[in-house]
Undergrad: 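The structure's right below; bear with me while I get my questions together.
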Amino acid sequence: MKLKIAILPGDGIGPEIMTQGVAVLNAIADRFGHEFEYNEAICGAHAIDAVGDPYPDATHEICMNSDAVLFAAVGDLRFDNNPTAKVRPEQGLLAMRKKLGLFANVRPVATFDCLLHKSPLKDELLRGADFVVLRELTGGMYFGEKYQDDFKAYDTDIYTRPEIERILKLAFEMAQKRKKHLTVVDKANVLASSRLWRQIAKEMEPDYPDVTTDYMFIDNASMRVLTEPTFFDVIVTENTFGDILTDETSCITGSMGLQPSSSLGEHTPLFEPVHGSWPQAANKNLANPVAQILSAAMLLEHFGLNAEGALIRKAVDASLESNVRTPEIQVEGGAHYGTKEVGQWIVDYIRNA
Ligand code: IPM
Ligand code: MG
């Protein structure tokens, strides 16, 4: 298969983990006879420094003219510590999501048996946890009307029927392909926008009689994902709740560095780690490349390259089981592997499999 892939390394640890993601794609291309054409583009703080815009038009052009975007992370301490900065790297990510129409963010949550002990939660609670959080990505408070002065500030949590319907449709369909259990997470006891979500979900329920649908308030869901993670199959929720919930669910896997995601919608699909740019670790060969590598696997699977995706997953599992791990998940006394070494081990495994 021929694929044109836009490569957006971004900031912080982004370029280092992206190098490993691309190396893995190259190993797959060689093994399976695919042709991947890469077009690299700037975004985030790098792009602000270069052209004053965290998601420049030239980058958008490249994304629009590609089959898929592989994205790493944006963010920089210079901006985090400056609340008055007018242009911020994160605005680039939001502009990219909006302009590419990426309304559905798929964040799978699974466990690796050999890492169960790395989670702050008890093994017996976690074993078998396997669910997906479908986060709405282009609406809600992130994009609603905002206002800020020295006395008053607000963000508007606004959703329209079409925005809610299209993400719920995906959620029901995803549940049909999985364990047929959908949990709609909202705050319908307080928020009007949540009540519209719930109303529309209830209207749609009869169209999916094979799916068991339940409803949970976000505060309760934040507890249940940790106390009973095996209860869930597909969770669908609005933008802000999904953002918060998926940092929380990364504790189930054991490290943020293991969580990939895909963002789907109207234009080019995008694949990215759930974690951020971790600027403190940049250029230290410390960051876990696995989330980026698994994002590349999700990219391939999106195009039906399932054997290719499966081989990447097998290589990642093997690396973890062989204790070829970055420091945050390494066993006590285990050998030191950096970003490069973990990536290279996975590439070698794929090439020799
Ligand atoms: C995420 C991140 C982003 C978000 C930030 C970097 C803007 O936290 O992808 O979860 O809030 O969506
Ligand atoms: Mg987040």
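In this text the structure is predicted, and so the values were computed from the model without any measurement. Read the numbers this way: they start at 1 and go in the same order the structure lists the ligands and their atoms. Start at 1 with the first residue, then count along the sequence.
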Undergrad: For Arg135, which part has a heavy atom under 4.0 Å from ligand 1: side chain, backbone, both, or neither?
TA: side chain
Undergrad: What are the atoms of ligand 1, with element, lying closer than 4.0 Å to any heavy atom of Glu90?
TA: 6 (C), 7 (C)
Undergrad: Quick one: does ligand 1 sit under 4.0 Å from the side chain of Arg88, the backbone, both or neither, non-hydrogen atoms only?
TA: neither
Undergrad: Kindly indicate whether a cation-pi arrangement holds for Lys99 with Tyr55, taking the cut-offs as under 6.0 Å to the six-membered ring centre and within 45° of the axis.
TA: no
Undergrad: Are the side chains of Tyr159 and Glu136 in contact, using a 4.5 Å heavy-atom criterion?
TA: yes
Undergrad: Within the structure, is a non-hydrogen atom of Arg107 found at a distance of less than 4.0 Å from ligand 1?
TA: yes
Undergrad: State the atom name: nearest N, O or S atom of Asp243 to the Mg ion (ligand 2).
TA: OD1
Undergrad: Using a 3.5 Å cut-off on N or O atoms only, is Arg97 in polar contact with ligand 1?
TA: yes
Undergrad: For the pair Lys177 and Asp233, find out whether any cationic side-chain nitrogen is under 4.0 Å from an anionic carboxylate oxygen.
TA: no
Undergrad: Regarding atom 2 (C) of ligand 1: of the candidates Asp243, Ile244, Asn105, which has the closest heavy atom?
TA: Asp243
Undergrad: Give me the residue, atom name and distance of the protein heavy atom closest to atom 11 (O) of ligand 1.
TA: Tyr142 OH, 2.6 Å
Undergrad: Is Asp207 paired with Lys169 through a side-chain N to carboxylate O contact shorter than 4.0 Å?
TA: no
Undergrad: Is the centre of the His181 ring less than 6.0 Å from the centre of the Phe131 ring?
TA: no
Undergrad: Regarding Tyr38 and Asn26, is there a side-chain donor-to-acceptor distance under 3.5 Å anywhere?
TA: yes
